[in-house]
Amino acid sequence: MKCNLCPRRCNAERYEAENINGYCKMPLQAVVARAALHFWEEPCISGTKGSGTVFFSGCTLSCIYCQNEDISQKHFGKAVSAKRLAEIFRELEALGAHNINLVTPTHYALAIKQALDIYRPNIPIVWNSSGYENVSTLKMLEGYIDIYLMDLKYVTNSRAQEYSDAPDYPQNAKKAILECYSKAGECVFDENGVMKKGVIIRHLILPQGTGEAIAVFDWVRENVPNAYFSIMSQYLPYGKAKQHRIIGRKITSREYEKVLSYIYNTGFENCYIQEKSSANEVFIPPFDLTGI
């Protein structure tokens, strides 16, 4: 097929086991690096039993600081059929997962839809995305997704270009988030505080990124006020970022506290605050084909 699932609109030839000239370099068949219970998402996603997380290989971005670069950019993983992917969903559900959490799913939207047609779990489906989405792809998945866990990495085009090779990221991510918000509506939780339906917008603070973080928060508060906002402190320099003149370090306590102070002073309540101690490699899952 000619693929235009993401905003890059490569029009690349993608086949079950091959990708010709596509940015993500991945085939149509889903390539998966890990499928297991995961306990390090927002509390309403992980709950007490864990999120049934499926880590897909490849990505439509090239973030120079990606902590999952072994799978996002080096493409480690194993190809699985739609039938096997459906079985993985069933197995995670049987383990007691609160939801099925699809991490970096965009370029496998067709394979995921096919798998969900084979077996739709009786737990929420989470679209865990970089935010770099086509609205048309999200519309295609209407009725399949319950929770949208979306990044809003940047609102500045130059930063999106330098750090993720995607100068059009802000425009596309905002449109995508508005589309998700229109579909999910009000956030709904069960009696234990686990999310059943809704939108969560994540932002990872980068070094010298306090102004960007505040601008992202303001956009969320003004445009999707009933969504939840998750501010993240877990940044560690990986890959090319280690030598970068600006982001070759962790964020400082002063940077983090500046952002938190701004959020607190607005009175916005639908917010998750990640502890600064989360900037630790221990929280990065092992990509070892578990559950595949």
Side-chain angles (χ1 to χ4, degrees), residues 3 5-6 14-19 22-41 45-46 50-95 97-116 118-119 121 125-133 145 149-151 153 164-165 202 204 232 234-236 238-241 278 280-292:
C3 184
L5 288 173
C6 85
R14 289 180 70 195
Y15 303 97
E16 282 297 299
E18 187 179 13
N19 181 320
Y23 188 91
C24 70
K25 299 181 175 64
M26 304 308 291
L28 285 175
Q29 192 173 48
V31 180
V32 184
R34 179 180 175 85
L37 296 178
H38 188 55
F39 294 88
W40 306 117
E41 305 286 25
I45 301 295
S46 292
S51 177
T53 307
V54 182
F55 288 93
F56 292 101
S57 303
C59 189
T60 59
L61 297 178
S62 295
C63 301
I64 62 174
Y65 52 83
C66 182
Q67 67 178 24
N68 295 346
E69 66 172 348
D70 284 347
I71 64 172
S72 65
Q73 296 174 30
K74 297 179 181 177
H75 305 143
F76 173 79
K78 180 180 178 181
V80 299
S81 66
K83 180 180 177 182
R84 176 59 193 142
L85 186 58
E87 290 171 352
I88 288 170
F89 296 162
R90 189 190 298 271
E91 290 162 6
L92 291 170
E93 183 181 30
L95 288 174
H98 290 294
N99 45 63
I100 300 299
N101 186 354
L102 308 170
V103 181
T104 319
T106 307
H107 46 303
Y108 298 121
L110 296 174
I112 289 167
K113 186 177 181 182
Q114 187 177 359
L116 289 171
I118 294 170
Y119 178 68
I125 306 299
V126 181
W127 190 258
N128 188 337
S129 165
S130 70
Y132 195 51
E133 302 276 7
I145 308 301
L149 186 53
M150 304 284 284
D151 288 350
K153 296 178 182 291
S164 296
D165 190 32
R202 284 174 164 172
L204 174 66
M232 303 173 72
Q234 67 186 42
Y235 177 77
L236 291 169
Y238 279 89
K240 296 176 183 177
S278 297
N280 191 311
E281 291 185 355
V282 71
F283 298 112
I284 301 174
F287 299 118
D288 55 5
L289 304 183
T290 292
I292 311 306

*Between Phe55 and Phe287, what is the ring plane arrangement, given parallel below 30°, perpendicular above 60°, and tilted in between?*
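Perpendicular.
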
*Do the non-hydrogen side-chain atoms of Arg202 and Leu149 ever get within less than 4.5 Å of each other?*
yes

*Side chains of Gln67 and Gln234: closer than 4.5 Å at any heavy-atom pair?*
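Answer yes - side chains close enough.
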
I'd like to know if the side chain of [X] reaches the main chain of [Y], judged simply by a donor and an acceptor atom lying under 3.5 Å from each other, with no hydrogens or angles considered.
X	Y	result
Ser129	Trp127	no
Arg14	Met26	yes
Asn68	Ile71	no
Asp70	Phe76	no

Between [Y] and [X], does any NZ, NE, NH1 or NH2 come within less than 4.0 Å of an OD or OE carboxylate oxygen?
X	Y	value
Lys240	Glu69	no
Lys25	Glu18	no
Glu87	Arg84	yes

*Nearest 0.5 Å please: distance from the CG atom of Leu95 over to the CZ atom of Arg90.*
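Between atom CG of Leu95 and atom CZ of Arg90 there are 13.0 Å.
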
_Distance, nearest 0.5 Å, that separates CD1 of Ile112 from NE2 of His107_ = 8.5 Å

Under a plain distance cut-off of 3.5 Å, with no hydrogens placed, do [Y] and [X] share a side-chain donor-acceptor pair?
X	Y	answer
Tyr119	Glu93	yes
Ser62	Asp165	no
Glu133	Thr106	yes
Ser130	Asp151	no

*Please name all residues satisfying side chain to side chain contact (heavy atoms under 4.5 Å, CB included) with Pro27, sequence neighbours left out, ordered by chain then number.*
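Only Val31 meet the side chain to side chain contact (heavy atoms under 4.5 Å, CB included) criterion with Pro27.
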
